[in-house]
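Inspection log for the structure reproduced underneath, given as structure tokens.
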Amino acid sequence: MRKPLLSLVAVLALAGCATTPMGPVAPPPPADAPAAVPANIAAALSDPNRPAADMVRDENRLPGQTLAFAGVRPGAKVADLIPGSGYFTRIFSKAVGPKGHVYAYVPDELTKLAKREPAVKAIATDPAYKNVSVILNTLPNFAAPEKLDLVFTAQNYHDMHDKFMGPADLSVVNRQIFKALKPGGVYLVLDHAAEPGSGLRDTETLHRIDPEAVKREVTAAGFIFEGESRVLRDASDTRKLSVFDPSIRGKTDQFIYKFRKPAGAR
């Protein structure tokens, strides 16, 4: 069941938290516990440059708790993989601050399909988001100009298995993400849940994916599964409908999986 955002008191209580990007490995909280929202992320959500339409979506998407679970801190280097219109890109920009950087990675597979410039390019040229860069390249060539603290993808992992994306070879994509991260870096996957045991069956039709299929693919690339945030879980979703069905759109059962590159890995 989705939980409301924490109070400002709880946010301010965390204002003195450490500022090392992504932070050290810590024991995960109970799966159903909402993540406390640090001050840098709370401030990013209140950014006056965010579109009003994005702020309206916050109630269902819970970006504060999602980024808190990812461990986003000032100074972090982040890749927003398949950023769409930049809903998370703007939040990342303010959360990592001027010493951090956000790489909005747009697959060429999508730009060729859309036949237009990526929407997120407008963010990268906006003076309010000077720490945002756009990378246009194919999924199998995923890389960034510097080592990353976080690679983040929201509601798009299933798309990488679909025909319009190639489909991409996820074993290659996930290994490229592994290489792009710093030792100890985080790979966070948020997506619409399909029925248990369904594997990749519903990626094209319902735009959902079995969470266990994601776990198998990502850990096969060398990542360690560190835990799940359940703040976007919704037991009322039968997982039998397309995520675009009006009766369920914006209210799907979603999983948030956190994977970490081992500290001793290159």
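What you see is a predicted model; the values in this text were computed from it and never measured.
The neighbour count for Lys179 NZ, taken as heavy atoms of other residues, nucleotides or ligands under 6.0 Å away, does not exceed 12.
Note on ring orientation: taking the six-membered ring where Trp is involved, the planes of Phe259 and Tyr187 are tilted (angle from 30° to 60°). Under the 30°/60° scheme for interplanar angles, the aromatic rings of Tyr105 and Phe142 are found to be tilted. Between Tyr103 and His101, the angle of the ring planes lies from 30° to 60°, which puts this pair in the tilted group.
The only option from Phe152, Phe223, Phe225 that meets the ring pair (Phe, Tyr, Trp, His ring centres under 6.0 Å) definition with Tyr257 turns out to be Phe225. The salt bridge (Lys or Arg N to Asp or Glu O under 4.0 Å) test with Arg208 is passed by exactly one of Asp237, Asp202, Asp253: Asp237.
Across all non-hydrogen atoms, the minimal contact from Val134 to Ala124 is CG2-CB, 3.8 Å. In terms of heavy-atom proximity, Ala95 sits nearest to Ala44 at N-CB, 3.7 Å. In terms of heavy atoms, Ala263 sits closest to Pro183 at O-CB, 3.1 Å. In terms of heavy-atom proximity, Tyr157 sits nearest to Asp191 at N-OD2, 3.2 Å. Taking each heavy atom of Pro63 and Ile91 in turn, the nearest pair found is CB-CD1, 3.7 Å. When every heavy atom of Gly84 is checked against every heavy atom of Ala119, the shortest pair comes out as O-CB, 4.2 Å.
Two residues are said to be in side-chain contact when any heavy atoms from C-beta on lie closer than 4.5 Å; His158 and His207 meet this criterion. At least one side-chain heavy atom of Pro196 sits under 4.5 Å from a side-chain heavy atom of Arg239. The side-chain heavy atoms of Asp58 and Arg50, taken from C-beta on, include a pair separated by under 4.5 Å. You'll find the side chain of Thr153 stays beyond 4.5 Å of the side chain of Phe88, heavy atoms only. Inter-residue side-chain proximity for Gln155 and Arg61 is flagged as met; some heavy-atom pair is nearer than 4.5 Å. Within the 4.5 Å cutoff, the side chain of Asp169 has no heavy atoms near those of the Pro140 side chain. Side-chain atoms of Glu217 and His161, non-hydrogen and from C-beta on, do get closer than 4.5 Å to each other. In this structure, Lys182 and Lys261 have side chains that are not in contact, with every pair of non-hydrogen atoms separated by 4.5 Å or more.
When atom types are taken as modelled, the side chain of Lys258 and the backbone of Phe69 share a donor-acceptor pair closer than 3.5 angstrom. Between the Arg260 side chain and the Gly184 main chain, a donor and an acceptor come within less than 3.5 Å of each other. In this structure, Asn174 contributes its side chain and Ala221 its backbone to no donor-acceptor pair below 3.5 Å. Using a distance-only test at 3.5 Å, with no hydrogens or angles considered, a donor-acceptor pair links the side chain of Ser46 to the main chain of Ala42. The main-chain N or O of Phe244 is found under 3.5 Å from a side-chain atom of Ser242 such that the two form a donor-acceptor pair.
For the 3.5 Å distance criterion, the side chains of Asp108 and Thr138 fail to qualify, holding no donor opposite an acceptor. Side-chain atoms of Ser93 and Asn131 include a donor-acceptor pair closer than 3.5 Å. Side-chain contact of Tyr87 with Asp80: a donor-acceptor pair under 3.5 Å is absent, judged by distance alone.
Taken to the nearest 0.5 Å, the OG1 atom of Thr66 stands 5.0 Å off from the CG atom of Leu232. The NZ atom of Lys240 sits 13.0 Å away from atom CD1 of Ile248, with the distance rounded to the nearest 0.5 Å. In this structure, NZ on Lys77 lies 10.0 Å from CG on Leu148, to the nearest 0.5 angstrom. Leu150 contributes atom CG, which lies 7.5 Å from atom CG of Leu181 (distance to the nearest 0.5 angstrom). If you take CZ on Arg233 and OG1 on Thr252, they are separated by 10.5 Å, rounding to the nearest 0.5 Å. Separating the NE2 atom in His192 from the CZ atom in Arg249 is a distance of 9.0 Å, to the nearest 0.5 Å.
Residues Leu81 and Val172 do not share a hydrophobic cluster, clusters being chains of Ile/Leu/Val/Met/Phe/Trp/Tyr side chains in contact below 4.5 Å. Under a hydrophobic clustering in which Ile, Leu, Val, Met, Phe, Trp and Tyr are joined whenever their side-chain heavy atoms come within less than 4.5 Å, directly or via other members, Ile82 and Phe178 fall into the same cluster. No continuous path of ILVMFWY side-chain contacts below 4.5 Å connects Val189 to Leu206, so the two sit in separate hydrophobic clusters. Both Phe164 and Leu139 belong to a single network of hydrophobic side chains, linked directly or stepwise wherever heavy atoms of I, L, V, M, F, W or Y lie under 4.5 Å apart. Under a hydrophobic clustering in which Ile, Leu, Val, Met, Phe, Trp and Tyr are joined whenever their side-chain heavy atoms come within less than 4.5 Å, directly or via other members, Phe255 and Leu200 fall into the same cluster.
The pair Asp234-Lys251 does not count as a salt bridge, with every side-chain nitrogen at least 4.0 angstrom from each carboxylate oxygen. Taking the charged nitrogens against the carboxylate oxygens, Arg90 and Asp54 do have a contact shorter than 4.0 Å, which makes a salt bridge.
Judged by the 6.0 Å and 45° rule, Lys94 forms a cation-pi pair with Tyr129.
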